[in-house]
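For clarity, every value in this text was computed on a predicted model and none was experimentally measured. Counting convention: from 1, in listed order, for ligands and their atoms alike.
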Amino acid sequence: MDFALSARAEDVTGRMWDFMREQVFPAEPVYEGWRAARGHDDHGHPPVLEELKTEARKRGLWNLFHHELAGLTNLEYASVAEITGWSPTIAPEAINCGAPDTGNMETLMLFGTPEQKDRWLTPLLEGEIRSGFAMTEPDVASSDARNIQTSIARDGDDYVINGRKWWTSGAADERCQIFIVMGKTDPEGSAHRQQSMILVPRDTPGLEIVRHLPVFGYQDQHGHSELRFTDVRVPASNILSGEGDGFMIAQARLGPGRIHHCMRAIGMAERALGLMVERAKSRVAFGRPLAEQGTVRELVARSRIEIDQVRLLVLKTADLIDKYGAKGARTEISSIKVAAPRVACDVIDRAIEVHGGAGVSNDTVLARFYASARTLRIVDGPDAVHLRGVAKEELARERPYAG
Ligand SMILES: Cc1cc2nc3c(=O)[nH]c(=O)nc-3n(C[C@H](O)[C@H](O)[C@H](O)COP(=O)(O)OP(=O)(O)OC[C@H]3O[C@@H](n4cnc5c(N)ncnc54)[C@H](O)[C@@H]3O)c2cc1C
């Protein structure tokens with residue numbers, strides 16, 4: 001067991017930190033100012049992001065999420081993803097490693113035909129367009145994906161899609177040109193073969209973007225949208241992999257993506273802890289800096305311990321994916337999907353507490369970070385679903401001694 005970063009990870013995380021300090025953190029107020037000037041419900045694309053993307057490419061910080069593209073293992077990329085979590089609104093996109101594009105790009109790399117790759121993967125890899133993943137539906141409990149009702153019906157050389165989706169991240173951004181849509185091609189088939197995934201270009205007639213949902217009142221720049229599909233017709237060649245492969249594709253795409261989310265959550269927690277420490281040292285209450293009050297010291301110490309614990313678990317999971325694939329790390333992926341967002345929520349909550357009223361204002365990143373970390377406990381499967389998987393494995397585990 002070697003806990004040191006590899007030489008390659010050392011190099012790329014060093015360059016990533018330079019990029020964050022020199023470009024990303026200074027860009028945060030520019031990004032926020034641009035959005036504030038247009039009203040936060042606007043989903044325009046702040047120009048500073050394109051400047052950051054150009055700079056990231058120059059520095060060789062581009063498409064780092066995939067081994068075949070950048071040469072990094074999941075374990076090595078995990079440390080990069082953590083750093084982007086320090087500025088989660090802009091850093092992941094700046095290096096073309098934002099969700100849901102990474103998952104969609106991986107899906108196209110794994111299951112796309114040469115034509116599908118040429119049309120959609122290439123511009124995604126270039127950062128020219130963005131994409132959405134439409135699985136969740138308002139009318140059914142979508143944490144159990146077997147419930148998904150959207151119909152994908154074969155009609156001659158086409159498929160015709162009817163249904164409603166919501167929480168399709170990214171759809172408000174006009175650069176989002178392609179959706180991967182999950183639905184049923186065979187409602188009578190066996191439970192895990194009813195579903196398929198199909199590519200639907202944004203401008204297809206019958207595809208309507210109904211509204212953009214706020215998260216705790218915040219409108220994301222890229223939006224989380226409700227979509228309606230009414231007789232949406234696409235060529236049969238838009239199917240991914242084949243009819244009935246929807247579940248298989250979903251499993252393949254979610255493993256690495258969860259590592260990315262979890263590492264970014266740890267990055268958010270680290271930044272929150274840094275803010276907590278600075279505030280505790282500088283704020284004086286009842287004659288002493290907060291940092292000298294026992295209760296505050298405990299908040300700081302517990303945060304450090306919990307962050308370090310959860311980081312080790314996430315890195316172990318990334319290593320397992322490298323060695324055995326997402327399937328071989330299924331239980332660990334569920335464990336970290338529960339553990340990392342919870343730690344992030346707790347640490348950010350403590351940082352808010354130490355900041356008093358300032359903590360819930362928009363004067364620091366903390367309120368927005370909290371909204372994002374809390375949301376992560378639902379996105380990609382709520383805690384309850386992942387706990388179910390971990391419990392199942394634990395109940396079946398053989399033990400060296402039963403006494
Ligand atoms: C900001 C944001 C972005 C998102 N982005 C996307 C996206 O891009 N694409 C997409 O398709 N979806 C996206 N989602 C949707 C997300 O993945 C779903 O909300 C999630 O999977 C839960 O599905 P649901 O909302 O239908 O909840 P439901 O399935 O209705 O579940 C509700 C609650 O029931 C409980 N529950 C469920 N199962 C069990 C169980 N077995 N035991 C005990 N309790 C249980 C849990 O507490 C759960 O939170 C996003 C969501 C948010 C909030």
Can you tell me which residue and heavy atom of the protein come closest to [atom], and the distance to 0.1 Å?
atom                    : answer
atom 8 (O) of ligand 1  : S169 N, 3.0 Å
atom 48 (C) of ligand 1 : P382 CG, 3.6 Å
atom 41 (N) of ligand 1 : R388 CD, 3.4 Å
atom 39 (C) of ligand 1 : A384 CB, 4.0 Å
atom 12 (N) of ligand 1 : T136 OG1, 2.6 Å

How about D144: does its CG atom have over 12 heavy atoms from other parts shown lying under 6.0 Å from it?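 Check passes, neighbour count above 12.
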Should the heavy atoms of other residues, nucleotides or ligands under 6.0 Å from CD of E68 be counted, would the total exceed 12? no
As a check for students: among [options], identify the option with a heavy atom nearest to [atom].
atom                    : options                : result
atom 29 (O) of ligand 1 : A99, S143, G223, G132  : S143
atom 24 (P) of ligand 1 : S142, P100, A134, S372 : S142
atom 7 (C) of ligand 1  : F216, F179, W167       : W167

Those atoms of ligand 1 less than 4.0 Å from some heavy atom in [X]:
X    : answer
D380 : 17 (O)
V140 : 26 (O)
T375 : 1 (C), 2 (C), 53 (C)
V385 : 38 (N)
V215 : 1 (C)

What residues form a ring pair (Phe, Tyr, Trp, His ring centres under 6.0 Å) with Y77, not counting sequence neighbours? H260
Any idea which part of I378 is under 4.0 Å from ligand 1, heavy-atom wise: side chain, backbone, both or neither?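 Both backbone and side chain of I378 come within 4.0 Å of ligand 1.
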Relative to ligand 1, is H224 under 4.0 angstrom through side chain, backbone, both or neither, heavy atoms considered?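 Within the 4.0 Å criterion, H224 contacts ligand 1 through side-chain atoms alone.
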Once side-chain hydrogen bond (donor to acceptor under 3.5 Å, both in side chains) is applied, what residue pairs with a partner in residues 367-380 remain, sequence neighbours excluded?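 Sorted result for residues 367-380: R377-D383.
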Does the distance from a Lys or Arg side-chain N to an Asp or Glu carboxylate O, for E115 and R119, drop under 4.0 Å? no
Please answer whether the main-chain N or O of G127 pairs with a side-chain N or O of K53 as donor and acceptor at a distance below 3.5 Å.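 Yes.
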Backbone of P187 reached by a side-chain donor or acceptor of Q194 within 3.5 Å: yes
From CD (Q309) to CD1 (I305), nearest 0.5 Å: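 Reported to 0.5 Å precision, the distance equals 7.0 Å.
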